[in-house]
J.: 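Can you keep this structure in mind? I'll have questions shortly.
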Amino acid sequence: MESPHFGDRIQKEGDAIRKLLTRPSKTKINDLLNNFSVRELAADLQKVAPTMWGVLTSVSLREGKSRRNKELVFTAICAMLSVVRSQKANNFQVIMGLFLLGSGAAKREIAVFAQAGLSVNYSSVIEHVKALSEENLRIIQQVVKKFMCSVAWDNINFAFRVESQRLTSKDHFDSGTTSTLIIQQDPETNTPALHGTLPLNMKPSRKTTKQIIKNHSSLLLPPVEDTRRLDECLLWQLKQVALEHKSELAHLKIQFPSCPSIEQITPHVTQQYPLPAMHEDESSIDGTINVYDTIMRNLKLTNDDMKKHGLMFTDGDLLTDSLVDKVESARRNNNEPIEGMKASIRRFGLFHCKMSGARMVVNQHWGKPNSPWPGSLWWEHTNLLGRKPMSAGWQSKKSAPWKQSHELLQMSLAAHILDGFRIHCGHQDFDTWASEASMEEFNVVAEKVYHNLFTSTAFEKESEAAEPDIVFMNNILYNRDVLYYWLLVTSIKAGDIGRVILVLRVWMVMMRAPKTMPRYANAIFETLGRLQEYPEKLKKIFLHNWLVNLTGKPNGFKEVDLLQEHTNFWIKVIYDAKGVNRSWEWLSMISVCIYSLRDAMRKVQTSFDIPVYGTRHTIPDMSNEIRRITMKLQEEKIQQHVSSRPANNEVEPVKDLLSEGSKYANKRSAFSKYQEEDYMMVNLGFQDESLVETVDWDDEDEGDEEEYQLTPEDLAMDEEEPISMADELVDVAISIMDS
DNA sequence: GAAAAGCAGGATATCAGCGC
DNA sequence: GCGCTGATATCCTGCTTTTC
């Protein structure tokens, strides 16, 4: 150790460390972020500075084992030393600075870390973020010049909470819009679609205010083939749930085939780029026009560029969709691709649609709260499971929360299916049967369960019985409806857009039942109607990009609007932390970087062995809940015909959404919004009043006008997003604002 | 020796809290 | 309702350090 060359050697090593942590001038922040790895850095440091490392090891040596990961500390020490030697040898500190900013650290915290040598100075962090923002914007502008993209946008609200209200300072909302650019995949080649894939003339021109949908009957009457395939999928879904939740059937799992595929999206990693947020409220026609213009400006797209690019999908929730429709309608005589919206193809978000579907099922089958009689979702939710009260039912003013609804449906469906198997397995002891059943036996029983408990036919059969059992009938309807929902959920995850469409076709009718959700019914109808008009190629790309997949894994598909909601969530985390001085300029700068910042945060956290996913998103075991429901179902004989059941005098029969909805669909005026108006042409004299259709299917203005506000809980249902971490960040952000 | 990167400190803005 | 204070943040400027 005490050799005369020691000082020399250690100085050389110091220089080597400096080189290791220095980057060439004008290095892209993105590259720096992507190439950063503490593990690699530790290995490199040991290689170039063995003496230094040896010193550190000796200094910290003690008897017994330390729990601390020494490598991490040594790496940090070396990085701190290097920045003392040369302030530009700060690769490590820059990453840490971005991490701190992304975590919502205040200026003074960053300043402390900067002085300690763990981070760069606050002003440098800001400069780097700005550089990053510009880099990302450049990238986006290049991407949109080459690939065929879609834009998604959604409203974002910031609540400004004022602690002491004054005339000039009250709680208020600031509405803005965030948007994302998404590269579209060409299903033919399974590569990103290039410019000109869908020329502008593929979009049928619009000549009237209303979006005209031709051939209503083919939409409303699904082909027999489709009905048969939907049946197959539903039956598969029923079997799958049974296998998943009955451990005695586990031996059959290996032989169990995957769901019949209707139209599968080939797994691929979807590239997405957040665009600058804008202080522009989309929720008016003017607002939507401004939003669209701003997006185009940010993308630096001109009309000529758009002609080269071809058609561009616009994704968003129902509100966005209907607003874009109105703009399209108003500007139908303008032939420019951008101003006349000639390039945009609307696509409504399936996530919001899925949530509505869950709400529809829960509301319809919620039953009468506080009713002593068994056999409703309220009974299962509140009475059996003692879950936190939630408001549901069509009468309820508040929308049922999606996460809770979804969970309830999941548990309840499993219980109903298992109880069905118990009834129809033809064996005294269900467990024994299950552990011995062969695949053939399982299939036979599954068919019985399906046909006796899960179909409209079963419902009709019971209703025609001499003495119909209302509780049983309600139960069959519920079973049928919840199975549709669950099939949609699994199909979205699996990325089989064909199956999604099959369910949507059913929902389109169901959501048309009086007092439900006509707007979604209209949206589905209109979208499917447009789809059947589109050229084959456009239709295919439309469908195959309706879902995105961030990981490229087979079961990793999700809805585009969910993506946008996640972006909004992250923007809020990072933005809220900035406290009083937040501005929309700042926000539009930071919003382009949010995924870069998030990646930096993940990287730093994983590097330092801090689990990113918090309590690793495991779905808590629900078998106890399922067991409790099955027991009660069995006890109360809910899923069997019971003649003169006492409850039947009290329980209201649930309306059949499907047949109620069909009544509407069978009307001549069905979806008249999308029919050509031919009745104003000739006056054939006065119509006999009795012939005039009297039922007023009051369209737009009823139903759920107010939009359901997503909660962090809803977003946390997504397994890929470490929202639990974000939750902590929000807390930090709030504490900063409060302090 | 020029250009780039880093940093400190002043200028400026915003807002809550407080007293009048 | 106004003006002051204190706290916090960003922006701007000019200086220093570093690198090629």
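Labels below follow one simple rule: chain letters A, B, ... track the order of the sequence lines, proteins then strands, and each chain is numbered from 1.
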J.: Checking Gln272(A) against Thr180(A): is there a side-chain donor and acceptor pair closer than 3.5 Å?
T.: no
J.: Give one of base, sugar-phosphate or nothing for Lys130(A), where a contact means two heavy atoms less than 4.0 Å apart.
T.: sugar-phosphate
J.: Which residue is it: Arg519(A), Arg347(A), Arg346(A)? I am looking for the one with a salt bridge (Lys or Arg N to Asp or Glu O under 4.0 Å) to Asp325(A).
T.: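 Among Arg519(A), Arg347(A), Arg346(A), the one that satisfies the salt bridge (Lys or Arg N to Asp or Glu O under 4.0 Å) with Asp325(A) is Arg346(A).
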J.: Strictly by modelled atom types, are Glu282(A) and Thr177(A) linked by a side-chain donor-acceptor pair under 3.5 Å?
T.: no
J.: Could you work out, with side-chain hydrogen bond (donor to acceptor under 3.5 Å, both in side chains) as the rule, every residue matching Thr270(A), not counting sequence neighbours?
T.: none
J.: Summarise how protein sits on nucleotides 5-12 of chain B as a single string, 5' to 3': B when a protein heavy atom is under 4.0 Å from the base, S for sugar-phosphate-only contact, - for no contact.
T.: BSBB----
J.: Can you find a heavy atom in the side chain of Ser344(A) that is under 4.5 Å from one in the side chain of Val324(A)?
T.: yes
